Participant: 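Submitted below is the structure of interest, expressed as structure tokens.
We use all heavy atoms of the structure for the numbers below, so side chains are in, but hydrogens, waters and symmetry mates are not. It should be emphasised that the depicted structure is a prediction, and the values quoted were computed from it without experimental measurement.
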Amino acid sequence: MRRFAAPAGTAALNKPVVVSEETLTEPVVVDVAPAAKAAGPAYVVLAGISFSHFLNDTMQSLIASVYPILKDTYALDFAQIGMITLAFQFTASLLQPVVGHYTDKKAQPYSLAIGMASTFFGLLLLSAAHQYLVILVAAALVGLGSAVFHPESARIARLASGGRYGFAQSVFQLGGSFGTSMGPVLAALIVVPFGQGSIAWFSSIAFLAILILWRIGRWYAPQIKAKKTAAVQAHPDAPSSRRVAVALLVLVALLFSKQLYVSSLSSYYIFYLIDRFGVSTQAAQIYLFIFLAANAVGAFLGGPLGDRFGRKIVIWISILGALPFTLALPYAGLVGSAVLSVIIGLIISSTTSSIIVFAQELVPHRFGMISGVFFGVAFGIGGLGAAVLGKLADHTSIEFVYQVCAYLPAIGLLAVFLPKLPRHAR
């Protein structure tokens with residue numbers, strides 16, 4: 001038997017638990033004990049994992065933010081830019097479900113800190129890369145760090161939720177969304193003036209994240225609650241396995257439509273603004289920051305709204321609700337584009353937390369794998385779509401790409417096939 005003692009300062013959050021060597025290899029079931037629910041969320045842990053998400057996604061967003069520099073320096077076309085996005089997101093897509101499946105069976109409290117080291121080395125390599133293949137490898141290393149980070153950190157956020165699952169997921173998503181929005185600003189202030197080599201400075205952020213995640217790992221270790229999968233009892237009102245499978249496919253499609261649209265703006269919005277309105281690269285990066293900041297706010301609001309009104313309702317409104325504004329964006333002026341991008345970001349990003357928590361509650365005994373699928377595969381499909389859109393832009397125009405992408409939120413109509421979850425799960 002192995003006994004885990006709680007780290008100093010966390011006595012109020014947990015008590016020591018005893019976990020046998022045998023049960024450490026069984027599927028890890030993430031659940032919140034009644035006492036923990038009564039005590040409410042563990043705000044310090046939520047803040048720590050959200051801040052780590054902020055640091056992680058800040059570093060990741062640098063890749064898209066330096067596209068104009070890489071394009072000019074190495075004479076890349078839009079298809080090659082799309083391939084960089086694919087190298088980054090496909091690595092995360094391929095490995096996140098694998099990581100989640102493994103940690104379902106055997107939790108790895110310190111894997112987050114170890115995975116962040118991949119991002120650390122990826123940034124250093126990107127700062128020194130002078131060949132296209134090396135740039136692709138560097139992007140893939142940063143994607144590997146993302147693959148390790150997201151499934152287990154989402155599990156930690158749920159453990160620290162105190163039963164407020166949507167709220168905890170939104171706090172977790174808030175850090176990542178703001179981190180994504182900071183990439184263009186940091187690129188405009190640091191990378192553009194000082195060049196590609198300045199990317200190495202951001203490796204210090206990765207080192208800070210490693211320290212924080214190691215400390216969170218010490219909190220997480222005694223929280224592990226392992227039990228056999230057979231012990232998980234389905235709710236009598238839960239949907240059938242067939243309806244669960246259909247619902248998961250629908251949720252993947254919904255997140256794909258949202259992520260592909262956001263990915264199209266993240267990867268090509270800068271070029272769209274430069275080509276259509278003639279703004280400078282730095283000014284375009286500020287407009288991209290405005291859109292991504294609106295995404296961050298919307299991502300935070302979506303979770304609590306799902307806790308209060310039901311996740312299915314939020315999913316309906318947040319995806320279909322963005323459709324009129326995405327249809328208007330390709331025909332708006334510069335100021336109108338900025339305003340519409342804020343509205344679109346607020347609405348469409350509010351669905352992320354509800355989709356992910358909905359999926360987690362459909363298959364609670366495979367929490368890590370489901371988190372990996374939705375953080376990885378769905379987001380990775382968005383990366384594949386970005387590469388296709390880049391190829392399309394080369395043969396047509398950036399404006400045509402946005403006219404096509406404007407119809408993506410219509411996929412939200414598939415929400416009609418989502419089942420009604422038991423009241424306790426909504």
Side-chain angles (χ1 to χ4, degrees), residues 54 57-78 80-82 84-85 88 126-127 135 176-199 201-202 205 261-299 322 325-349 386 389-390 392-394 396-403 405-406:
F54 167 78
D57 286 19
T58 295
M59 294 177 288
Q60 292 176 13
S61 66
L62 284 173
I63 295 178
S65 299
V66 300
Y67 282 169
I69 297 174
L70 298 176
K71 187 176 187 296
D72 293 340
T73 303
Y74 303 105
L76 305 180
D77 57 30
F78 286 120
Q80 289 174 308
I81 293 294
I84 298 174
T85 301
F88 162 65
L126 183 61
S127 69
I135 293 173
S177 298
F178 269 118
T180 300
S181 67
M182 283 302 297
V185 175
L186 294 176
L189 297 177
I190 299 176
V191 181
V192 171
F194 298 101
Q196 181 183 348
S198 63
I199 297 175
W201 301 350
F202 294 95
I205 297 178
Y261 188 85
V262 172
S263 181
S264 71
L265 262 70
S266 300
S267 297
Y268 304 113
Y269 192 46
I270 290 176
F271 301 112
Y272 172 75
L273 295 174
I274 293 173
D275 290 346
R276 182 169 182 184
F277 302 111
V279 300
S280 67
T281 299
Q282 286 180 305
Q285 286 170 330
I286 298 300
Y287 280 108
L288 178 59
F289 164 74
I290 293 172
F291 165 71
L292 295 175
N295 263 272
V297 176
F325 305 103
T326 60
L327 291 173
L329 181 63
Y331 307 99
L334 179 60
V335 175
S337 295
V339 173
L340 286 172
S341 71
V342 170
I343 297 173
I344 292 169
L346 286 171
I347 296 175
I348 202 169
S349 64
L389 292 176
L392 180 63
D394 284 332
T396 56
S397 67
I398 288 291
E399 291 186 34
F400 179 76
V401 167
Y402 281 111
Q403 290 172 355
C405 289

Participant: With a 4.5 Å heavy-atom cut-off, do L76 and I84 have their side chains touching?
Facilitator: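 Side-chain contact under 4.5 Å: yes.
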Participant: Taking ring pair (Phe, Tyr, Trp, His ring centres under 6.0 Å) as the definition, give me every residue that meets it alongside F271, ordered by chain and number, with sequence neighbours left out.
Facilitator: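 For F271, the residues satisfying ring pair (Phe, Tyr, Trp, His ring centres under 6.0 Å) (neighbours in sequence not counted) are F78.
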Participant: Could you state the interatomic distance from CD1 (I135) to CG (L70), rounded to the nearest 0.5 Å?
Facilitator: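 The CG atom of L70 is 5.0 Å from CD1 of I135, to the nearest 0.5 Å.
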Participant: Residues in side-chain contact (heavy atoms from CB on, under 4.5 Å) with S198, at least two apart?
Facilitator: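 With neighbours one apart ignored, the set is I190, V191, F194, W201.
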Participant: Just how far is it from atom CD1 of I270 to atom CG of L288, taken to the nearest 0.5 Å?
Facilitator: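 Here the rounded value is 5.0 Å.
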Participant: What is the minimum heavy-atom distance between L389 and V401, and which atoms define it?
Facilitator: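 Distance-wise, the nearest heavy atoms are O-CG2, 3.7 Å.
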Participant: Please identify each residue that fulfils ring pair (Phe, Tyr, Trp, His ring centres under 6.0 Å) with F54, with sequence neighbours left out.
Facilitator: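 Listed in chain order: F51.
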Participant: Any chance you could measure S397, atom OG, to L392, atom CG, to the nearest 0.5 Å?
Facilitator: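 Rounded to the nearest 0.5 Å, the OG-CG separation comes out at 8.5 Å.
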Participant: Nearest heavy-atom pair of N295 and S349: which atoms, and what distance?
Facilitator: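 Heavy atoms of N295 and S349 come nearest at O-OG, 2.8 Å.
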Participant: Using side chain to side chain donor-acceptor pair (under 3.5 Å) as the criterion, list what pairs up with Q285, not counting sequence neighbours.
Facilitator: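 With neighbours one apart ignored, the set is empty.
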Participant: So which atom in I274 and which in V279 form the shortest heavy-atom distance, rounded to 0.1 Å?
Facilitator: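 In terms of heavy atoms, the two residues are closest at CG1-O, 3.6 Å.
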Participant: Mind checking the CG-CG spacing from D275 to L273? Nearest 0.5 Å is all I need.
Facilitator: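 Reported to 0.5 Å precision, the distance equals 9.0 Å.
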Participant: Applying side chain to side chain donor-acceptor pair (under 3.5 Å), name anything that partners Q80, two or more places apart in sequence or on another chain.
Facilitator: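 Q80 satisfies side chain to side chain donor-acceptor pair (under 3.5 Å) with no residue once adjacent residues are dropped.
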Participant: Given side chain to side chain contact (heavy atoms under 4.5 Å, CB included), test D57 with M182 step by step and report yes or no.
Facilitator: CA-CA 9 Å; D57 286 19; M182 283 302 297; over 6 Å; no
Participant: In Å, rounded to the nearest 0.5 Å, how long is the span from CD1 of I81 to CG of D394?
Facilitator: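 If we round to the nearest 0.5 Å, I81:CD1 and D394:CG are 10.0 Å apart.
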Participant: Working to the nearest 0.5 angstrom, can you tell me the gap between Y402 OH and Y261 OH?
Facilitator: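 Going from the OH atom of Y402 to the OH atom of Y261 covers 7.5 Å.
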Participant: Report all side-chain donor-acceptor pairs from residues 334-343 shorter than 3.5 Å, counting only partners two or more places apart or in another chain.
Facilitator:
from : atom 1 : to   : atom 2 : distance (Å)
S337 : OG     : G333 : O      : 2.7
S341 : OG     : S337 : O      : 3.3
S341 : OG     : A338 : O      : 2.7

Participant: How would you list, by chain and number, every residue that makes a side chain to side chain donor-acceptor pair (under 3.5 Å) with Y272, sequence neighbours excluded?
Facilitator: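 Result, side chain to side chain donor-acceptor pair (under 3.5 Å) vs Y272: R276.
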Participant: Residues in side chain to side chain donor-acceptor pair (under 3.5 Å) with Y268, at least two apart?
Facilitator: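 Partners of Y268 by the side chain to side chain donor-acceptor pair (under 3.5 Å) criterion come out as none, since no residue qualifies.
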Participant: Just jot down the side-chain contact (heavy atoms from CB on, under 4.5 Å) partners of A293, sequence neighbours excluded, or say none.
Facilitator: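 With sequence neighbours excluded, A293 shows a side-chain contact (heavy atoms from CB on, under 4.5 Å) to S181, F289, given in chain and number order.
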